[in-house]
Amino acid sequence: MMNNLDNELSREMNRVQEFMLTEHYVEGFESVALLEDNTIIYIDGQMISNHSDLDREIFTMILEETPEGDSFILSDIQERDYLVKLSSLGNYFSDDVAVIMYRDLEPVKESLRAIVSIFVLSALILNLITTVFAFYLIHKLTSPLIRLKEASYRVLKEPNLVVPIKSRDELGELTLAFNRMNRNISKNIEALTNEKNLRETIFSSIHEGILYFDHDKNLLYSNQPGQYIYDKRNQEGAEGLSNLFENINFMIDNKTSEEGQITFDDEHYHVTSIPISNVDITDGLVIVFRNVTEEVNMQRTRSDFISTVSHELKTPMVMLTGYSEALLDDVVTDPKEVKEMISVIKDESERMNHMVNELLQLQQLEQGQSSLNISSYNVLDLFKQIEKTFSLEIESNGLNLVIDVEESLESLFDYDKMIQVLVNLVDNAIRYTREGDEIRFTGREEADEIVLIISDTGTGISKKNQKHIFERFYKVDEARTRGKHGTGLGLYIVSQIIKQHQGTIEVDSELNKGTSFIIRLPKERENVHETF
């Protein structure tokens with residue numbers, strides 16, 4: 001805009017100069033100055049113009065400041081700017097002549113301000129439009145990304161989540177790739193879950209305890225039997241187990257498989273440790289615990305059986321052989337002595353017969369060949385029958401028998417088998433009592449059970465022996481009996497018969513205070529067939 005004003009002022013200057021050059025005398029310049037606005041003619045230091053205050057002020061400023069060049073800007077006392085052009089015509093006249101023309105720059109400034117305002121307003125409007133468009137574009141770009149972000153958080157709870165595709169641009173392709181990736185991840189997770197469930201099912205169905213440790217002895221996996229064993233490691237009596245876990249690092253570092261057997265809580269385990277290695281890097285150790293308690297007990301039972309039967313049969317057979325030979329060789333001829341020997345032979349024969357019958361019954365119970373004839377019987381009648389059976393023995397040993405049961409109490413059981421149970425329990429009670437002790441029969445009804453208790457005030461059974469008395473061939477210290485001893489099968493057979501009745505039997509005893517055998521029989525039997 002300044003260039004346009006300068007060009008316009010130059011054209012005016014040229015026009016005035018051409019007119020002045022047509023005049024041959026300077027006296028005619030006064031008319032030119034009077035006709036032109038914002039024009040000053042300088043002649044030998046004199047100013048010719050329409051004598052306005054502005055002309056005088058600009059003329060004075062030119063004389064005082066002597067600006068350089070033919071075009072410049074001057075400011076008056078009111079800080080108003082003017083574009084001034086100065087052209088000398090002294091070469092064409094004998095006097096020093098110059099033409100001064102000026103223009104006020106305020107209109108230019110106002111135009112510039114207006115243009116700037118227009119530009120600023122346009123910039124603001126453009127910025128607003130750009131901002132709105134940017135927000136729209138950002139929303140359009142980020143909304144699919146936000147949906148993908150939210151879907152990535154929800155994918156754990158919704159494995160088959162599908163994000164809708166709302167465009168076919170790059171974001172749409174990204175969403176499509178996310179959905180495909182999610183499907184693949186879901187399939188992989190499902191496969192891993194199925195594999196994990198299958199592994200858990202397999203390991204849970206395995207009776208062996210499995211423990212997997214990393215190199216730092218951290219337990220990474222265990223099935224239920226393995227966790228049971230791991231929880232026992234710091235308990236009293238599990239020194240072998242504690243030593244095993246303390247040597248885990250040694251077994252891992254040496255990368256060797258080891259086998260052995262440990263015992264705790266009366267349970268026997270065959271232990272196998274297997275290091276898990278990958279090339280030269282050892283990842284951990286797997287320990288497998290196989291419960292061999294039954295095998296150990298069977299082996300011990302077999303050994304005890306052979307030893308017990310051999311011992312139990314040897315004594316009566318020696319006596320039978322010796323007394324028979326004495327009778328055959330007429331070593332004893334006195335009728336009274338002969339009768340005593342024959343009585344001994346009879347007693348020992350009955351003892352052997354009883355032993356054989358117990359072994360046969362044991363075989364039947366364990367093979368499930370023993371059936372029950374269940375009916376409802378009066379409990380008092382049952383106890384009266386036992387009292388009758390042992391009346392002579394109880395009287396001869398100076399014992400007291402007390403029956404504490406209601407006359408109307410009845411229970412479901414096999415009469416003959418229950419007689420056998422009570423005979424064994426009473427026989428034990430007589431053997432472990434002394435003269436003046438008491439044997440008590442108690443019967444009562446509790447909720448949905450009938451409870452039968454055979455108790456005595458005899459020598460009692462130690463806590464150590466109580467948990468073994470229902471095992472096969474287990475015998476308590478014979479020194480505390482009346483001299484009678486059995487095979488160790490009686491209480492085992494009793495427990496199996498009670499179990500066959502769907503009942504339970506337990507013992508409560510204290511040394512030198514007495515013993516109580518507590519039998520619980522259900523009022524109603526389930527219609528099931530049990531084998532032992």
Short side-chain to backbone donor-acceptor contact, [X] and [Y], under 3.5 Å:
X	Y	answer
Asp437	Thr433	no
Asn197	Thr193	yes
Asp456	Gly458	yes
Asn184	Arg180	yes

Just so I know, are the side chains of [X] and [Y] near enough to count as touching, which here means a heavy-atom distance under 4.5 Å?
X	Y	result
Glu208	Asn291	no
Glu510	Lys463	no
Met418	Ile498	yes
Tyr269	Ile229	yes
Leu422	Phe383	yes
Leu521	Phe413	yes
Ile454	Phe441	yes
Lys417	Leu372	yes

Is it true that atom [atom1] of [X] has more than 12 heavy atoms of other residues, nucleotides or ligands lying nearer than 6.0 Å?
X	atom1	answer
Lys523	NZ	yes
Glu506	CD	yes
Glu294	CD	no

On a heavy-atom basis, which atom in [X] and which in [Y] lie closest, and how many Å separate them?
X	Y	answer
Leu380	Glu407	CD2-CG, 3.6 Å
Tyr415	Asp381	OH-O, 4.1 Å
Arg434	Leu399	O-CD2, 3.1 Å
Ser509	Gly514	OG-O, 3.1 Å
Leu491	Ile469	CB-O, 3.4 Å
Val451	Arg520	CG2-NH1, 3.6 Å

Qualifying residues under side chain to side chain donor-acceptor pair (under 3.5 Å), relative to Ser411, sequence neighbours excluded:
none

Just jot down the side chain to side chain donor-acceptor pair (under 3.5 Å) partners of Lys384, sequence neighbours excluded, or say none.
none

For Gln227 and Asp231, run side-chain hydrogen bond (donor to acceptor under 3.5 Å, both in side chains): C-alpha distance rounded to whole Å, both residues' side-chain angles, the deciding distance at 0.1 Å, then the answer.
CA-CA 6 Å; Gln227 188 64 45; Asp231 293 339; 3.0 Å; yes

Going by distance alone, is a donor N or O of one side chain under 3.5 Å from an acceptor N or O of the other, for Glu410 and Ser376?
yes

Under 4.0 Å between a side-chain nitrogen and a carboxylate oxygen: does that hold for [X] and [Y]?
X	Y	answer
Arg431	Glu393	no
Lys339	Glu337	no
Arg444	Glu406	no

Determine whether the aromatic ring centres of Phe470 and Tyr492 lie less than 6.0 Å apart.
no

Can you tell me how far apart [atom1] ([X]) and [atom2] ([Y]) are? Round to the nearest 0.5 Å.
X	Y	atom1	atom2	result
Phe213	Leu219	CZ	CG	5.0 Å
Ser516	Arg440	OG	CZ	10.0 Å
Ile394	Thr389	CD1	OG1	9.5 Å
Leu412	Asp414	CG	CG	11.5 Å

Please evaluate residues Gln261 and Val292 with respect to the criterion side-chain contact (heavy atoms from CB on, under 4.5 Å), reporting the C-alpha separation (whole Å), side-chain torsions for both, the decisive distance (0.1 Å), and the verdict.
CA-CA 9 Å; Gln261 187 167 311; Val292 294; 4.2 Å; yes

Test Ile439 against every option in Val402, Ile430, Ile403 by the side-chain contact (heavy atoms from CB on, under 4.5 Å) rule and name the one that passes.
Ile430

Candidates Val494, Ile453, Leu425, Ile497 - the one meeting side-chain contact (heavy atoms from CB on, under 4.5 Å) with Ile519
Leu425

Mind running side-chain contact (heavy atoms from CB on, under 4.5 Å) on Val379 and Tyr377 for me, showing each step along the way?
CA-CA 6 Å; Val379 176; Tyr377 296 98; over 6 Å; no

Please report the C-alpha distance between Thr272 and Ile274 in whole Å, then the side-chain angles of each, then the deciding distance to 0.1 Å, and finally whether the side-chain contact (heavy atoms from CB on, under 4.5 Å) criterion is met.
CA-CA 7 Å; Thr272 303; Ile274 307 169; 4.0 Å; yes

Yes or no on side-chain contact (heavy atoms from CB on, under 4.5 Å) for Ile419 and Ile386, after CA distance, side-chain angles and deciding distance?
CA-CA 7 Å; Ile419 287 290; Ile386 297 300; 3.8 Å; yes

